[in-house]
Amino acid sequence: MTSRSGTPELLDALIRTPAPSGYETPAAEVWRQAARAIDGAELRTDTLGSSVVEITGGEEAAPRLAVVGHIDEIGLHITYIDDEGFLWFGPIGGWDPQILVGQRVTVIGFEGQIPGVLGKKPIHLLKEEARKKPAKLEEMHIDIGAASREEAEAMVRIGDVAVLAAEPLEFPNGRLVSRSLDNRLGSYVALEVARRVAEKGGNAAGVVGAAVAQEEITFGGSRTTAFALDPDVAVVVDVTHATDAPGIDKKEQGEHKLGSGPAIGRGSTLNHHVCQMLVETAEAEGIDHTIEASGRHTGTDADAIQIARAGIPCGLVSLPLRYMHSSVEMAQLSDVEAAIQLLVAFAARLGVDSDFSR
């Protein structure tokens, strides 16, 4: 279903739910609730926080496809509470500290969500040399309005986590702005592919949609899920840098504009047959797409999945995203829909004669 604002209801619910790496359960529960509504599907979970929903294939000898998106987001973790009630923190995942200056945050305390703000020494009070230097993570703190350590500790404990507070915004041209689009988009696509395959009565090949944990810190969810599933072929759905924003060199990153469709990965660690079949499927279905090249690793769950067990043929489909790892990540919903259509059509092409060996 789609909300009145245009964003699919499940995607809207996912991006509004704070769930950084290792603390994915709230977002995973949103995903699992939607998965339970798929007729004929089997839902399974694990102790890391990953979830899979499986649509059984119609031919026993046909390959089993896993479509994998990670459900975690970057965040912060509380390391210390000082006598004045300020919270000091470290990163969960990769942050540009400049992004954090002056942001509002949501701290996930033991009694619920607590609003806070990220503070640092005002520029007026900095020495001239210090003004010229970028802010450092260790120079910032979280202020939750507490007047003492005791008051703060009544709401927050060491090890609690936080995310940036940023309500989703809908922009012209079907563009969506929010934190956590990296990679609630991928987990949404994975579930929607499984749902649509089930809706049309299934395929010869089985299809598994997976929302995996801890991509931003360990690739842990993709490692354990790939081992447990042992699929015959996998396609990871993640985000890539949209190259239509100022300052990005297309000669280095390729050309992947918002609205240009999903970027199909082609590279050393990705299975060449999977890539070629994705491209052929996109061309046959008239789906806009680009090609994204990689020479060593992709920085996605595909890096872990392709060497799981005895090796799993793995492809990569990425959604163009502006301002990655910020509170204003921007994607275009038509690219999300194109990725879903591509993977549904790709799954339909898999049969007993599909061969990904090389």
Side-chain angles (χ1 to χ4, degrees), residues 1-3 6-17 19 24-60 62-72 180-181 183-213 215 221-222 224-226 228-238 262 281 285 287 301 305 315 317 319 333 336-351:
M1 293 181 65
T2 301
S3 66
T7 303
E9 287 185 2
L10 173 58
L11 178 56
D12 185 73
L14 286 170
I15 61 179
R16 289 178 185 272
T17 305
E24 296 94 347
T25 301
E29 282 300 329
V30 172
W31 195 94
R32 292 165 186 169
Q33 183 176 356
R36 291 185 185 101
I38 300 175
D39 287 340
E42 179 186 358
L43 173 67
R44 299 190 296 279
T45 64
D46 67 21
T47 57
L48 258 70
S50 300
S51 314
V52 300
V53 61
E54 181 158 8
I55 312 301
T56 304
E59 295 184 19
E60 187 175 344
R64 187 158 157 259
L65 167 68
V67 181
V68 181
H70 72 87
I71 199 162
D72 57 316
S180 79
L181 292 182
N183 185 34
R184 301 287 155 68
L185 291 175
S187 60
Y188 167 75
V189 169
L191 181 60
E192 188 63 9
V193 169
R195 189 190 68 79
R196 293 193 193 183
V197 169
E199 192 175 59
K200 70 185 185 68
N203 294 326
V207 175
V208 182
V212 299
E215 189 270 354
S222 57
T224 54
T225 299
L229 284 176
D230 193 19
D232 299 292
V233 58
V235 178
V236 168
V237 186
D238 211 314
T281 302
E285 299 291 325
I287 297 171
D301 283 318
I305 292 174
V317 170
L319 300 167
L333 291 172
V336 179
E337 176 61 25
I340 295 166
Q341 293 178 10
L342 169 63
L343 291 168
V344 170
F346 175 83
R349 286 175 165 237
L350 295 173

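Throughout, residue positions are numbered sequentially from 1 according to the sequence presented.
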side-chain contact (heavy atoms from CB on, under 4.5 Å) between V317 and F346, worked out:
CA-CA 12 Å; V317 170; F346 175 83; over 6 Å; no

P262 vs L343 side-chain heavy atoms within contact, under 4.5 Å
no

Can you name the residues that form a side chain to side chain contact (heavy atoms under 4.5 Å, CB included) with L48, not counting sequence neighbours?
D46, Q214, T224

Mark yes or no for whether N183, through its side chain, and I71, through its backbone, hold a donor-acceptor pair below 3.5 Å.
no

Could you walk me through whether I287 and T281 pass the side-chain contact (heavy atoms from CB on, under 4.5 Å) check?
CA-CA 8 Å; I287 297 171; T281 302; 5.7 Å; no

Does the W31 side chain pair with the main chain of S187, one donor and one acceptor, at a distance under 3.5 Å?
yes

Give a yes or no on whether E29 atom CD has more than 12 heavy-atom contacts from other residues, nucleotides or ligands under 6.0 Å away.
yes

Out of curiosity, S51 OG to Q33 CD, how far, rounded to the nearest 0.5 Å?
12.5 Å

About how many Å separate CG of L65 and CG of D232, when rounded to the nearest 0.5 Å?
9.5 Å

Less than 3.5 Å apart, any donor N or O on the side chain of E337 or Q341 sitting next to an acceptor on the other?
yes

To the closest 0.5 Å, what do you measure between CZ (R16) and OG (S180)?
10.5 Å

Report yes if some heavy atom in the side chain of V68 is under 4.5 Å from a heavy atom in the side chain of V237; otherwise report no.
no

When rounded to the nearest 0.5 angstrom, what is the spacing between OG1 in T7 and CD1 in I15?
6.0 Å

Taking the side chain as every heavy atom from C-beta outward, state whether V53 and E42 have any pair of such atoms under 4.5 Å apart.
no

So do the side chains of E192 and V67 get within less than 4.5 Å of each other, counting heavy atoms only?
no

Side chains of L11 and L333: does their closest heavy-atom pair fall under 4.5 Å?
yes

So salt bridge (charged side-chain N to carboxylate O under 4.0 Å, His left out) across residues 203-213, not counting sequence neighbours, yields none

To the nearest 0.5 Å, atom CZ of R195 lies from atom CD1 of I340 at 8.5 Å

Side chains of E285 and L342, heavy atoms from C-beta outward: is any pair under 4.5 Å?
no

Main-chain N/O of D72 paired to R184 side chain as donor or acceptor, under 3.5 Å
no

So OG1 of T25 and CZ of R32: to nearest 0.5 Å the spacing works out to 6.0 Å

Side-chain donor-acceptor distances from residues 202-213 under 3.5 Å, at least two apart:
from	atom 1	to	atom 2	distance (Å)
N203	OD1	K200	NZ	2.5

Side-chain touch Y188/L181, heavy atoms, less than 4.5 angstrom:
no

Just by distance, do the side chain of T225 and the backbone of S222 share a donor-acceptor pair under 3.5 Å?
no

Taking the side chain as C-beta and beyond, is there a heavy-atom pair between E54 and L43 under 4.5 Å?
no

Indicate the atoms forming the closest heavy-atom contact of D230 with R64, along with that distance.
O-NH1, 4.0 Å

